[in-house]
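Worksheet: the structure to be examined is printed underneath.
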Amino acid sequence: MKAVVLAEPEVLRLVNLPEPEVGPRDVLVRMRGLGLCGSDLGVYRGAREVPERPWLMGHEGVGEIVAVGADVADRAVGQQVAIEPNYCCGRCAACASGFTSACTARVIVGMNHPGLLAEYVAVPAEFTWPAAETVALEDLVCTEALTVARSAIRRSDVGPGQRVLVVGAGSQGLLLCLALRALGATVAVQEPHEGRADLAHSFGAETDAEGEFDLVFETSGVPQALRAGLARLRRGGTALLVGIDSRPLELTSADLVYHQHTLKGSLIYDHPVDFETTVDLLNRDDVRPGKVLQARFPLEESAEAFASVRSVAGKSWISFD
Ligand SMILES: [Zn+2]
Ligand SMILES: [Zn+2]
């Protein structure tokens with residue numbers, strides 16, 4: 001089967017690999033689409049360490065089940081599925097409490113476990129999510145990124161009618177706008193890039209809103225952008241941090257105490273609740289995240305796809321069809 005591997009930083013190679021073996025609790029997925037995000041770019045550029053090279057990248061994958069393992073009873077050949085690319089152990093204290101994003105033995109597809117940029121992948125059945133046939137491939141490709149956005153929303157307790165500021169309108173910011181609008185919040189974005197701001201506007205976000213906000217969702221990872229966002233958060237308000245960056249934040253305890261702000265980090269999603277509810281939304285046609293996809297590439301042009309991640313407003317993706 002064809003696959004694309006990272007030979008060294010920023011060097012991809014189209015190779016032939018043997019088809020993966022399907023364990024008794026796995027399904028074999030014929031890949032159809034793969035979304036790219038900043039984490040993939042980190043691996044591509046060599047900023048994020050991987051166990052070995054050549055390395056199979058990619059984690060936002062969807063496709064069709066073409067075989068099921070002997071012990072799999074609740075998945076069937078022909079189903080289209082989104083892959084949940086974080087396999088929690090299910091046994092540690094974090095997993096037992098439902099806080100699986102904090103699992104210390106988490107298998108992270110494309111990061112500490114081989115990725116999905118191949119024609120066929122074997123995935124534990126429990127981490128594949130069947131979607132209705134009516135769900136368009138483009139919408140399904142956004143499942144994982146939308147789930148990241150929706151779990152931040154779940155952890156924030158935001159409700160209908162609240163005023164929310166989304167900082168940064170990259171693909172995560174856009175999906176947050178979409179999901180927040182879907183639950184009835186009023187959404188504004190803080191985004192200096194005109195093309196991204198325009199795209200956010202088309203997702204239902206105000207681009208020139210004034211006044212204070214009940215909540216802030218930070219997606220850019222830029223310390224100054226968070227600071228500017230916090231300046232618009234009302235007293236007693238909460239900021240959810242989704243963007244990741246290693247620079248120190250420009251904050252004092254006086255900033256936090258006087259404004260009684262709560263800062264909360266939100267990492268990926270918890271199994272199974274967040275994927276379950278996101279796929280449910282897609283099945284009911286309540287959200288159409290596919291419009292965040294703004295650049296499509298065939299597998300053979302994976303290098304161009306990765307190179308485009310920062311420059312494209314919206315999301316780049318690879319189509320296997
Ligand atoms: Zn991602
Ligand atoms: Zn665990």
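When a ligand or atom number is given, it counts from 1 through the structure's own listing order.
With Arg75 contributing its side chain and Ala125 its backbone, the two residues share a donor-acceptor pair below 3.5 Å. Side chain of Arg155 to backbone of Leu267: a donor-acceptor contact under 3.5 angstrom is found. The closest donor-acceptor contact from the side chain of Glu194 to the backbone of Ala197 lies at 3.5 Å or more, if one exists at all.
Judged purely by distance below 3.5 Å, without hydrogens or angles, the side chains of Asp40 and His59 pair a donor atom with an acceptor atom. Using modelled atom types and a 3.5 Å distance limit, the side chains of Glu206 and His201 yield no donor-acceptor pair.
In this pair, Tyr87 and His113 present their aromatic rings perpendicular. The plane angle is above 60°, beyond the 30 to 60° band.
In summary, of the residues considered (Leu6, Leu12, Val11), a side chain to side chain contact (heavy atoms under 4.5 Å, CB included) with Glu8 occurs for Val11 alone.
Near the Zn ion (ligand 1), less than 2.8 Å away, sit the protein N, O or S atoms Cys37 SG, His59 NE2, Glu60 OE2. Counting only distances under 2.8 Å, and ignoring water, the protein N, O or S atoms around the Zn ion (ligand 2) are Cys89 SG, Cys92 SG, Cys95 SG, Cys103 SG.
Relative to the ring axis of Phe213, Arg232 does not place its NZ or CZ within 45° and under 6.0 Å from the centre.
Separating the CG atom in Asp270 from the CD atom in Glu276 is a distance of 12.5 Å, to the nearest 0.5 Å.
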